[in-house]
Amino acid sequence: MVTIRLTNSKTRTKEDFVPIDPSNVRMYVCGPTVYDRAHLGNARPVVVFDVLNRLLRHVYGADHVTYVRNFTDVDDKINAEALRRQKAGSPGTLEELIHERTEETIAWYHADMDALGALRPDHEPRATEYIGQMIAMTQGLIDTGHAYAASGHVLFRVRSYKDYGKLSGRSIDDMIAGARVEVAPYKEDPMDFVLWKPSSGEEPGWESPWGKGRPGWHIECSAMSHELLGESFDIHGGGLDLQFPHHENEIAQSACAHPHGDFAHYWLHNEMLQVEGKKMSKSLGNFFTVRDLLDQGIPGEVIRFVLLMTHYRSPMDWTAEKAVAAASKLEDYLVLGARFFDPVVARKTKPAQEVVDALADDLNTHLALTEVDRLLGNARWNELTSTLDFLGLISLGRFEARRAELDASASTILRQTEILTSLRTAAMASKDFSAVDALKSALIAAGVEVRMSKAGVELVPGPDFDSAKLEALQ
RNA sequence: GGCGGGUUGGCGGAGAGGUUACGCAGCGGAUUGCAAAUCCGUGAAGACCGGUUCGAUUCCGGUACCCGCCUCCA
């Protein structure tokens, strides 16, 4: 069996991955707050952990991996948008408008991430469905002295957890010294964070022992991961920006609430995304969503390919140039793969071992892509198509569909080849190439590559091959 | 101010203490009615300074620059 190695943020070293239970490998990844369209930065962890999910399924078996990614649907930005709509005259209660907003955002998210070739996680819990568990966990932390209620809030007592700050490499005292935030008067310690907070009249809220309120952000992930994966599980992932405070707080809560478990064994963090060398931000005007790119005609697999070109722990730069390079590679794979693979054999062919090995080495996706390119260079067509399917870039179904299209056009291609050959033979004698050039242009317009040499004429359907246009030439 | 990450050829981007990464682009050639595609060949690097070593782009230290987090942004 392949040994997977992963860089564990907890230890800052690359370690052999040893699952708690190989028959049920468990992974939790922090998902989006569903207040708006996912931007390109949101797509990075989705693709990175999708690759890890696929690798785990490959190594341990598809039925032996449980992948959970949550939706945070309790949030001020969601409330703000719902309130804006209500003021703009939308019908319904605020609660209904909030629900409407989260439903539509989740649908967008699914559509956009599907386009990137990301498999849906096994569970996609919504925070609002686990409020009971959050209240219970909060109460438990109060009972054991790790939390306290004050002014309608419940706060986690950071000093009660000795390892606080370990994941992110900070000491509580340093953090206080460098803090720039105003400290709420009801806090015992400036670093204490909210587990539960009161809701004002128009904000959504749930009844609790501390009055009507809503959960703090961090407790959501702790409650949902516990409910779905247990006290101890294998991998916890997310963006590097979440390492502090979100993940630090999750660890503190979960470790104190479930002292017999050890929460996540491996913590993985993906680095941030930049655009043309700068941080993506609305003020710089380089902010865009996944949907924006798709609407510009950049296919999802091209976005995915670009994301995989950079290792997940390096900052990655999105550039238009990379998208062009990725699109060109993928076209080569599709055209040549569909032409030369054997659909029956490919279905039974495993992804290339070199590619699996590259991914097993701390998700070295760029090396994996290099190995894919080598498959093409060595004409290993069945492995090429099977591997691209495995990587989520081009499905075998797409190769098959393309092949079917080519087969359907084969006789037409043959006929056009004969026509072009005879026109060319005549033109060679008469030195009048106008008829040849006319047909050539028409063929190129139909996406057919025209190769003419001493040996003769060859017509090869290219990436933009359009069988309808070709048939129209008759 | 505190913590962390990075700096490789024109561009992207790896591995390895000593042997060509690779891809794209470039250049030269073959081929071609034109073109496209293909094939062959080829130049080009390791931010800076020091240390360890027979030998460092690869290990260690420092400097510069860049980036992120410290604000419920992945």
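All figures in this text were calculated on a predicted structure; none of them were measured in a lab. Lettering of chains follows the sequences in order, A, B, ..., and the numbering in each one begins at 1.
One side chain, Asp373(A) or Tyr333(A), offers a donor N or O that lies under 3.5 Å from an acceptor on the other.
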Using a cut-off of under 3.5 Å, enumerate the N/O to N/O pairs linking the protein to nucleotides 19-27 of chain B.
| unit_1 | atom_1 | unit_2 | atom_2 | d |
| --- | --- | --- | --- | --- |
| G23(B) | O3' | Lys329(A) | NZ | 3.3 |

Nucleotide N/O to protein N/O under 3.5 Å, stretch nucleotides 39-45 of chain B:
none

Please enumerate all protein N or O atoms sitting under 3.5 Å from an N or O of nucleotides 30-33 of chain B, with distances to 0.1 Å.
| unit_1 | atom_1 | unit_2 | atom_2 | d |
| --- | --- | --- | --- | --- |
| G33(B) | N1 | Asp437(A) | OD1 | 2.9 |
| G33(B) | N2 | Asp437(A) | OD2 | 2.9 |

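Closest to the Ser314(A) side chain, of the nucleotides A14(B), C73(B), C67(B), is A14(B). Of the candidate nucleotides A37(B), A74(B), G5(B), A74(B) has the atom nearest to the side chain of Leu273(A). Minimum atom distance to the side chain of Asn364(A) is reached by G15(B), of the listed C73(B), G15(B), A37(B). Nearest to the side-chain atoms of Thr310(A) among the listed nucleotides C11(B), G13(B), C73(B) stands G13(B). The side chain of His311(A) approaches A14(B) more closely than any other nucleotide in the set G12(B), A14(B), A74(B).
Checked against side-chain contact (heavy atoms from CB on, under 4.5 Å), Ser430(A) has the following partners two or more places apart in sequence or in another chain: Asp432(A). The side-chain contact (heavy atoms from CB on, under 4.5 Å) search around Pro351(A) returns His58(A), Val356(A), Ser386(A), Thr387(A), Phe390(A), not counting sequence neighbours.
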Dot-bracket assigned to RNA chain B with the 3.5 Å Watson-Crick/G-U criterion, [ ] for crossing and | for other-strand pairs, is (((((((..(((.....[...))).(((((.......)))))....(((((..]....))))))))))))....

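For the pair Gln274(A) CD and U7(B) P, the interatomic distance rounds to 13 Å; values are reported in whole Å. Phe340(A) has its CZ atom 12 Å from the C1' atom of U38(B), to the nearest Å.
Within 4.0 Å (heavy atoms only), Ser168(A) reaches sugar-phosphate atoms of the nucleic acid but no base atom.
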